[in-house]
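Structure record follows, encoded as structure tokens.
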2 protein chains.
Amino acid sequence: MAKSEDPPRRATLKEVAKAAGVSLASASYAINGAGSVGEATREHILKVAAELGYRPNQSAKAMKTGKTGAIGLILPDLTNPFFPSLAQVVIQAARVHGYSVFLTDTEGSAEEEQRAVNLLVDHGVDGVIWFPIADDGPVGKLIEGVPTVVLDRNLPGYDVIQADYADGGRLAAEHLLAAGHVNIGVISGPHAASSARQRAEAAIATVRERGNLVWHVHNAYSLDLEPEVAQALESRAATAVITGADLIAIGAMRHIRSLGQSVPDDVSVVGFDDIPWAQLHTPALTTIDMPVEDMAAAAVEALIRRMSARGEPRRRVVFNVELVSRDSVRVLT
Amino acid sequence: MAKSEDPPRRATLKEVAKAAGVSLASASYAINGAGSVGEATREHILKVAAELGYRPNQSAKAMKTGKTGAIGLILPDLTNPFFPSLAQVVIQAARVHGYSVFLTDTEGSAEEEQRAVNLLVDHGVDGVIWFPIADDGPVGKLIEGVPTVVLDRNLPGYDVIQADYADGGRLAAEHLLAAGHVNIGVISGPHAASSARQRAEAAIATVRERGNLVWHVHNAYSLDLEPEVAQALESRAATAVITGADLIAIGAMRHIRSLGQSVPDDVSVVGFDDIPWAQLHTPALTTIDMPVEDMAAAAVEALIRRMSARGEPRRRVVFNVELVSRDSVRVLT
DNA sequence: CGCTGCCCATGAAAGGTTTCACGTCCTGGC
DNA sequence: GCCAGGACGTGAAACCTTTCATGGGCAGCG
């Protein structure tokens with residue numbers, strides 16, 4: 001802002017107290033609704049405070065109480081459309097509880113994740129909601145001492161919010177099997193993520209039972225495909241492929257199309273996550289829907305609880321997923 | 001975190017000083033690289049600090065210096081894929097300058113915007129990057145006293161980062177005209193946003209010059225179309241439509257398709273923003289590309305400058321846009 | 001009428017850091 | 001051999017708030 005040369009310092013509590021002709025302590029009590037203040041005095045103080053446009057200095061408050069009223073949200077990659085809606089819900093839910101959120105995007109790098117956490121704890125966040133990049137890495141050590149809930153991964157010792165990934169993998173596989181597919185390929189998410197492994201393992205197990213797993217490859221959570229994934233697709237061995245994420249599914253569909261094949265006529269694809277794009281894509285993507293909003297809200301709730309009751313045993317809540325059937329799967333006659 | 005019952009308090013500067021056998025002042029100087037401290041002493045202090053795992057208490061620091069090392073980012077709607085990439089760049093750029101970012105999502109509501117700002121200034125953010133919902137509303141008053149740069153809107157008195165919307169509108173119209181379209185409709189963004197008006201006005205002016213503006217309607221920045229927009233589309237009076245945002249374009253294409261018409265064979269569509277979906281959509285969307293990343297980086301830079309030089313005259317920087325031609329426009333023969 | 005207790009209100013300390021103003025000691029120049 | 005001044009280091013105040021311990025006054029009870 002190029003307006004005022006001299007930033008008009010905000011009124012301090014001391015000034016309010018003076019203006020109201022009461023002590024600092026009374027002013028503080030009146031404003032925080034604590035302590036014992038006469039009804040008349042309280043109202044008077046409040047009025048004066050309002051006139052002066054008093055806003056408490058959070059830094060000072062934080063120094064006394066150790067509570068900053070801020071929570072940190074650590075996400076891998078805002079660019080993956082899965083995360084913004086998560087962030088949105090977290091931000092809102094936090095706001096209704098009076099918290100602001102520091103959002104950091106770790107860009108998929110473990111060092112960034114480390115730095116992000118440091119920055120956050122330096123700022124004295126009261127709690128952290130963390131969507132880890134990988135299961136290993138410089139995990140637990142970092143967040144020592146700050147209430148934390150972990151999304152997606154079942155990290156020991158933390159409160160955890162997850163979806164039933166295994167069930168999702170199974171659902172995807174069964175859907176394909178039921179549609180008459182036999183030769184099925186699997187593109188799972190990064191090795192490092194247990195949630196990705198769970199999806200894949202369940203899918204693979206199910207496929208093996210009643211069908212034929214023709215290949216299994218890994219890919220980052222990204223539109224861009226690794227060479228080995230592209231090759232698998234090019235082998236044309238599968239009539240259907242299960243992917244570990246919608247983003248991967250969309251990447252795969254692009255590649256399939258570039259091979260001159262059609263989805264779903266030549267090959268069927270099922271995704272995971274049900275990101276907004278899924279239904280906008282042509283063909284609309286059959287995928288596994290996770291209740292992201294609910295999960296985000298649950299994370300905030302869990303964090304609030306954890307912040308006020310540090311001693312409690314950890315909890316783990318698992319949300320159900322469901323298959324939403326759209327146009328990317330062909331049923332074989 | 002369900003781990004430690006007793007949060008292991010972090011070491012304080014005083015403790016570091018004592019452990020190192022120096023005064024508080026020296027410790028402070030050593031750690032901040034300020035003041036005059038002997039080389040040997042400094043190293044010693046740093047070593048001790050590291051051993052104790054000392055991390056400065058930002059709240060206390062903030063109280064002294066008035067600087068929190070945090071900036072606020074106020075965005076209308078994370079759900080619009082235009083914003084996450086913006087947010088991502090801002091967060092990263094801020095981080096390299098040592099700032100953390102409070103992200104708030106105002107959900108398109110002016111009251112939320114108000115509350116968000118309050119929360120932010122209460123937290124004592126050093127600066128704010130603000131993407132306003134509308135030009136009017138409870139604007140300038142709110143951010144009084146906090147360095148602010150505004151994105152997208154040319155709010156008087158603030159540093160401003162924009163794209164050349166008018167040029168974008170013109171480009172879009174010319175592209176259609178050059179492709180032989182005559183009867184053109186325009187779906188612009190919300191009235192309240194001057195950036196939306198600029199796009200539309202330039203487009204309309206250009207269309208009028210050499211073609212025929214068959215209708216002009218407004219729509220929120222959303223996939224969902226207002227009734228009047230749907231009606232306009234249903235009139236089938238236009239062979240091409242210019243939209244104020246890719247999101248609107250995609251919504252329009254869906255509707256057009258639901259009418260049994262084809263994009264681009266029956267009607268051509270051009271978007272604005274070049275969000276990630278644009279090129280993934282089928283057909284890939286011809287649109288106006290804004291250099292979001294550059295703009296976000298510029299915003300952070302402008303804010304940093306503003307924060308250290310409050311007196312300077314305001315600046316306004318306007319980025320060029322360009323048309324990216326894809327598959328949603330048919331050239332008439 | 002005096003005392004017990006309660007209600008209100010206040011002074012003051014504490015919390016972790018930065019930074020000003022000052023002191024000590026040593027070095028080098030004359 | 002002295003003194004000026006630089007280099008290094010320190011004590012203490014200040015930032016704004018919360019909260020503990022304390023005190024004054026008044027009502028009601030005995």
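Throughout, protein chains are lettered first and strands after them, A, B, ... in sequence-line order, and every chain is numbered starting at 1. For the numbers below, each heavy atom of this structure counts, side chains included, while hydrogens, waters and symmetry mates do not. Not measured: the values here are computed from a predicted model.
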Handout entry: Separation of C:dT19 C1' from B:Asn32 CG (nearest whole Å)
Key = 11 Å

Completion exercise
By nearest-heavy-atom nucleotide on DNA chain D, the more 5' of B:Ala25 and B:Ala60 is B:Ala25

Practice task
Starting from P on D:dA12, measure out to CG on B:Leu13 and report it in whole angstrom.
Solution key: 17 Å

Problem - Interatomic distance, A:Lys67 NZ vs D:dT19 C1' [rounded to whole Å] - result: 17 Å

Completion exercise
Taking five pairs at each terminus, the helix from C:dC1-D:dG30 to C:dC30-D:dG1 shows an axis bend, to 10°, of 50°

Fill in the blank from the handout: Separation of C:dG15 atom P from B:Met63 atom CE, nearest Å, is 13 Å

Exercise for the section: Ignoring backbone atoms, establish whether A:Ser28 has a side-chain N or O less than 4.0 Å from OP1 or OP2 of D:dT17. Expected result: no

Exercise for the section: Taking B:Arg306 for its side chain and B:Pro147 for its backbone only, find out whether a donor-acceptor pair lies under 3.5 Å. Expected result: no

Handout entry: Separation of atom NE2 in B:His44 from atom P in D:dG9, rounded to whole Å
Key = 12 Å

Practice task
Please confirm whether any donor atom in the side chain of A:Tyr29 sits under 3.5 Å from an acceptor in the base of D:dC20, or the reverse.
Solution key: yes

Fill in the blank from the handout: By nearest-nucleotide position on DNA chain C, the 5'-leaning member of A:Leu24 and A:Arg42 is A:Arg42

Completion exercise
Minimal heavy-atom distance between A:Ala302 and A:Ile161, with the atoms involved, is CB-CD1, 4.4 Å

Handout entry: Side chains of A:Thr79 and B:Gln88, donor plus acceptor under 3.5 Å
Key = yes

Practice task
Nearest whole angstrom, please: distance from the C1' of D:dC15 to the NZ of A:Lys61.
Solution key: 16 Å

Practice task
Return no unless some side-chain N or O of B:Ser36 is found under 4.0 Å from OP1 or OP2 of D:dC8.
Solution key: no

Handout entry: B:Thr12 vs C:dT17: side-chain N/O to OP1/OP2 distance below 4.0 Å
Key = yes

Handout entry: A:Ile45 CD1 - C:dT10 P separation (whole Å)
Key = 8 Å

Fill in the blank from the handout: Here the distance between atom P of D:dT17 and atom CD of A:Glu15, to the nearest Å, is 9 Å

Handout entry: Short side-chain to backbone donor-acceptor contact, A:Arg153 and A:Ile133, under 3.5 Å
Key = yes

Exercise for the section: Quick one: label A:Thr41 by what it contacts on the DNA or RNA (base, sugar-phosphate, nothing), any heavy atom closer than 4.0 Å. Expected result: sugar-phosphate

Exercise for the section: Mark yes or no for whether A:Glu43, through its side chain, and A:Ala40, through its backbone, hold a donor-acceptor pair below 3.5 Å. Expected result: no

Completion exercise
Per atom distances to the B:Ser26 side chain, the nearest of C:dG16, C:dT19, D:dG9 is D:dG9

Exercise for the section: Name the residue closer to the 5' end of DNA chain D, choosing between B:Val37 and A:Gln58 according to the nucleotide with the nearest heavy atom. Expected result: B:Val37

Exercise for the section: Taking B:Asp126 for its side chain and B:Gly69 for its backbone only, find out whether a donor-acceptor pair lies under 3.5 Å. Expected result: yes

Exercise for the section: Compute the centroid of each ring, for A:Phe82 and then for A:Tyr221, and state whether the two points are separated by less than 6.0 Å. Expected result: no

